[in-house]
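Below is one structure, written out as structure tokens; the observations come after it.
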There are 2 protein chains.
Amino acid sequence: MVTDQTKPVDHPAFRAISDPTRRAILDGLRDGPRTSGRIAASFLVSRPAVCKHLKILVNSGLVRVHKRGRERVYELEARPLEKVEGWLEQYRQFWASRLARLKDYLESEQTGADELKGNS
Amino acid sequence: MVTDQTKPVDHPAFRAISDPTRRAILDGLRDGPRTSGRIAASFLVSRPAVCKHLKILVNSGLVRVHKRGRERVYELEARPLEKVEGWLEQYRQFWASRLARLKDYLESEQTGADELKGNS
DNA sequence: GTAATCTGTAACCGAATGGTTACGGATCAG
DNA sequence: CTGATCCGTAACCATTCGGTTACAGATTAC
């Protein structure tokens with residue numbers, strides 16, 4: 001076996017970070033906790049839309065929320081991203097290794113011996 | 001500024017890897033190039049469904065394809081994942097640093113001085 | 001040539017997604 | 001108490017998504 005045989009990684013975070021707006025929200029929260037209104041003010045979409053994104057982020061574990069008076073403070077909780085990182089890690093060798101670059105080179109002159117590289 | 005100020009990262013790969021089936025397809029391709037039929041055979045969903053997933057993966061740049069006789073060989077192209085990795089990297093400090101763990105500890109006894117940590 | 005095989009796509013369908021406007025609950029200001 | 005403010009959710013809508021079955025184009029086998 002060429003690569004590590006690991007169970008399929010699944011986590012709601014994968015879905016959560018697939019949306020550009022949600023990623024932008026997370027990016028903003030890297031500067032510190034923010035209230036719902038303040039977050040929404042920095043986006044073109046409506047406030048309820050942001051609220052729904054925040055809900056998704058909370059449900060995926062990427063953001064925590066707690067009340068403070070009449071406002072609610074949202075805060076980044078990055079730990080679930082570790083799952084994504086873990087999945088990604090298994091691919092790093094395919095873009096970072098010398099072998100990967102060698103492969104790229106060989107592919108520039110089609111050998112036609114494709115499936116020889118790994119068939120179970 | 002606490003964190004690096006970077007342009008919002010966007011790439012079709014984020015959407016592509018949000019689906020569990022597509023991630024499983026990529027996982028399989030780590031063992032080497034495979035034909036469409038062989039890939040489909042290892043999934044419960046129908047062959048056309050796998051075809052559509054493969055198309056999405058090709059369009060996102062995560063998979064390359066070339067014909068060989070009457071079959072088509074799909075091959076992993078991991079480089080776009082570097083974009084995802086780059087975005088993720090900006091969050092590593094939030095789950096890996098000593099500061100992050102200190103924050104976690106402090107949060108276990110609500111101080112109420114939330115937004116003091118970073119307001120522009 | 002003809003039949004079997006490998007493959008992608010069209011047509012269709014139900015469910016989920018991402019957005020909107022309208023509303024109501026809770027809290028602060030006066 | 002009353003009005004303004006902050007906020008989440010309900011209801012609705014168009015679009016996308018992920019799946020299916022049916023079909024058609026190429027290539028191989030005989």
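These numbers come from the heavy atoms of this one structure, side chains and all, not from hydrogens, waters or symmetry mates. Quick caveat: nothing in here was measured; it's all calculated off a predicted structure. Chain naming here is simple, since letters A, B, ... match the order of the sequence lines and numbering starts at 1 in each.
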For [X] and [N], give me the distance from atom [atom1] to atom [atom2], rounded to whole Å.
{"X": "A:F43", "N": "C:dT20", "atom1": "CZ", "atom2": "P", "result": "13 Å"}
{"X": "A:R23", "N": "C:dG18", "atom1": "CZ", "atom2": "P", "result": "11 Å"}
{"X": "A:R38", "N": "D:dC7", "atom1": "CZ", "atom2": "C1'", "result": "17 Å"}
{"X": "A:R22", "N": "C:dA16", "atom1": "CZ", "atom2": "C1'", "result": "12 Å"}
{"X": "B:L57", "N": "D:dC17", "atom1": "CG", "atom2": "P", "result": "13 Å"}
{"X": "B:I17", "N": "D:dG18", "atom1": "CD1", "atom2": "P", "result": "13 Å"}
{"X": "A:R72", "N": "C:dT27", "atom1": "CZ", "atom2": "P", "result": "9 Å"}
{"X": "A:N59", "N": "C:dA16", "atom1": "CG", "atom2": "P", "result": "15 Å"}

B:R34 side chain to B:E75 backbone, donor-acceptor under 3.5 Å:
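Answer holds: no.
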Do the side chain of B:R22 and the main chain of B:A16 share a donor and acceptor less than 3.5 angstrom apart?
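Yes; judged by distance alone, with no hydrogens or angles, the pair exists.
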pair A:L62-A:L76: side-chain heavy atoms closer than 4.5 Å
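A side-chain contact under 4.5 Å is absent here.
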Indicate yes or no: at least one non-hydrogen side-chain atom of A:S36 is less than 4.5 angstrom from one of A:Y74.
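The answer is yes; the side chains approach within 4.5 Å.
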Does [N] have its OP1 or OP2 closer than 4.0 Å to a side-chain nitrogen or oxygen of [X]?
{"X": "B:R68", "N": "D:dT27", "result": "no"}
{"X": "B:K67", "N": "C:dC6", "result": "no"}
{"X": "B:T35", "N": "C:dC6", "result": "no"}

Please encode protein proximity along nucleotides 19-24 of chain D as a string of B, S and -, counting only heavy-atom distances under 4.0 Å.
BBBB--
Among D:dG18, C:dA26, C:dT9, which nucleotide sits nearest the side chain of A:R15?
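Closest nucleotide among those given: D:dG18.
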Check for me whether B:R30 meets the cation-pi criterion with A:Y91, that is, NZ or CZ under 6.0 Å from the six-membered ring centre and within 45 degrees of the ring axis.
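Yes.
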Both conditions, 6.0 Å and 45 degrees, for the charged tip of B:R23 above the ring of A:F14: are they met here?
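The answer is yes, since B:R23 meets both limits relative to A:F14.
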I'd like to know if A:R79 pairs up with A:E82 as an ion pair, taking the criterion as any Lys NZ or Arg NE/NH1/NH2 lying under 4.0 Å from an Asp or Glu carboxylate oxygen.
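No, this pair does not count.
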Starting at the 5' end of DNA chain D and moving along, which residue's nearest nucleotide shows up first, A:K55 or A:R70?
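Result of the comparison: A:R70.
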